[in-house]
Amino acid sequence: ATHSSVAQAATASAVLHFLAITTLTLSFAASSGCHLNPLITLATALTGHVKPVRAVAYVVLQLLGGIAGAAIVLVVLGEEAVAVSGCHVNSMPWFGALFLEAFFSAVLLSVVYGAALDVRSRPVYGPILPVVLISLAYAAQVWLTFGGFAVKATEEPPLPLSLSGGLSAGFTGSSLSNPALCLGPAAVTATFVETDWIWYVAPLVVACGHALLYWMAPPHDAAFFEVE
């Protein structure tokens with residue numbers, strides 16, 4: 001792989017993620033809230049937007065969906081494709097990967113709550129723009145973390161962030177703040193490693209911390225606390 005091919009692949013992957021998430025959210029948000037991510041489900045459950053029973057059902061189905069998706073990739077494209085699609089720390093120190101995963105999770109929750117769930121934003125953004133902003137947040141994570149594995153595989157010196165499409169040659173990770181994305185490939189290939197806890201602990205801690213801040217300084221609008 002060359003630097004240019006890595007950057008092109010990272011950009012293409014980010015665009016495809018943007019289109020897919022936007023399409024799915026617009027298709028299913030009205031019926032179910034389009035909970036694709038355990039991080040979002042846990043956060044909204046802790047802040048009272050989703051009932052606990054529904055949140056548990058969502059998380060179970062999200063994790064099963066991640067496993068099912070990885071199984072389909074395994075059957076169609078083979079084990080190597082599944083391994084590449086998983087979450088990897090590689091040569092980055094575990095605390096660096098933990099920080100990045102927590103940072104991306106916090107950014108995503110900030111966008112979701114600021115653009116989509118705050119009733120004060122609805123008259124400003126309308127029903128469509130919040131979906132676009134959330135999809136852009138996901139796409140940015142994809143672009144920032146996609147290039148790590150490929151850049152490491154090249155013999156050329158690593159490029160700066162803005163050119164490579166990767167944060168570090170040692171980090172392919174980010175679960176895109178979605179633990180189900182990491183569980184699926186690991187489960188179907190039975191390749192669990194000692195750093196896998198990062199992809200589950202970071203979103204959990206961030207969701208709990210976010211909920212604590214939310215209840216300490218909630219938006220001043222009673223309608224915001226209505227449970228679906």
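Residues take their numbers from the sequence shown, with the count starting at 1.
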Any [X] side-chain heavy atom under 4.5 Å of [Y] side chain:
X: Leu36; Y: Ile40; value: no
X: Pro179; Y: Asn37; value: yes
X: Tyr200; Y: Leu204; value: no
X: Tyr138; Y: Val111; value: no

Kindly give the heavy-atom pair with the smallest separation between [X] and [Y], and that separation in Å.
X: Thr191; Y: Thr189; value: OG1-OG1, 2.6 Å
X: Gly114; Y: Ser121; value: O-OG, 2.6 Å
X: Phe18; Y: Ala139; value: CB-CB, 4.0 Å
X: Ser135; Y: Thr22; value: OG-OG1, 2.8 Å
X: Gln62; Y: Thr41; value: NE2-OG1, 2.9 Å
X: Ala207; Y: Leu42; value: CB-CD2, 3.7 Å

Derivation of the ring pair (Phe, Tyr, Trp, His ring centres under 6.0 Å) call for His210 and Tyr113: CA-CA 10 Å; His210 170 268; Tyr113 275 78; 4.3 Å; yes
Can you tell me how far the [atom1] atom of [X] sits from the [atom2] atom of [Y], to the nearest 0.5 Å?
X: Trp197; Y: Thr195; atom1: CH2; atom2: OG1; value: 8.5 Å
X: Leu19; Y: Leu24; atom1: CG; atom2: CG; value: 11.0 Å
X: Ile67; Y: Leu74; atom1: CD1; atom2: CG; value: 13.0 Å
X: Phe103; Y: Gln141; atom1: CZ; atom2: CD; value: 9.0 Å
X: Trp143; Y: Leu136; atom1: CH2; atom2: CG; value: 14.0 Å
X: Asn178; Y: Leu63; atom1: CG; atom2: CG; value: 8.5 Å

Hydrophobic cluster identity match, [X] and [Y], side-chain contacts under 4.5 Å:
X: Phe192; Y: Ile198; answer: no
X: Leu100; Y: Val201; answer: yes
X: Val188; Y: Val73; answer: yes
X: Val124; Y: Leu133; answer: yes
X: Ile134; Y: Ile128; answer: yes

Could you walk me through whether Cys208 and Leu46 satisfy the side chain to side chain contact (heavy atoms under 4.5 Å, CB included) test, starting with their C-alpha distance in whole Å, then the side-chain angles of each, then the deciding distance to 0.1 Å, before giving a yes or no? CA-CA 7 Å; Cys208 292; Leu46 292 174; 4.1 Å; yes
Got more than 12 heavy atoms from elsewhere within 6.0 Å of CZ, Phe28? no
Could you check whether His35 and Tyr58 have their ring centres less than 6.0 Å apart?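 For Tyr58 and His35, the ring centres are under 6.0 Å apart.
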Using a distance-only test with no angle check, is there a side-chain donor-acceptor pair under 3.5 angstrom linking Asp118 and Tyr125? no
Without swapping roles, check the side chain of Trp199 against the backbone of Ala180 for a donor-acceptor pair under 3.5 Å.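 Side chain of Trp199 to backbone of Ala180, a donor-acceptor pair under 3.5 Å: no, none is there.
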Tell me, please, which residues at least two apart from Ala140 pass side-chain contact (heavy atoms from CB on, under 4.5 Å). none
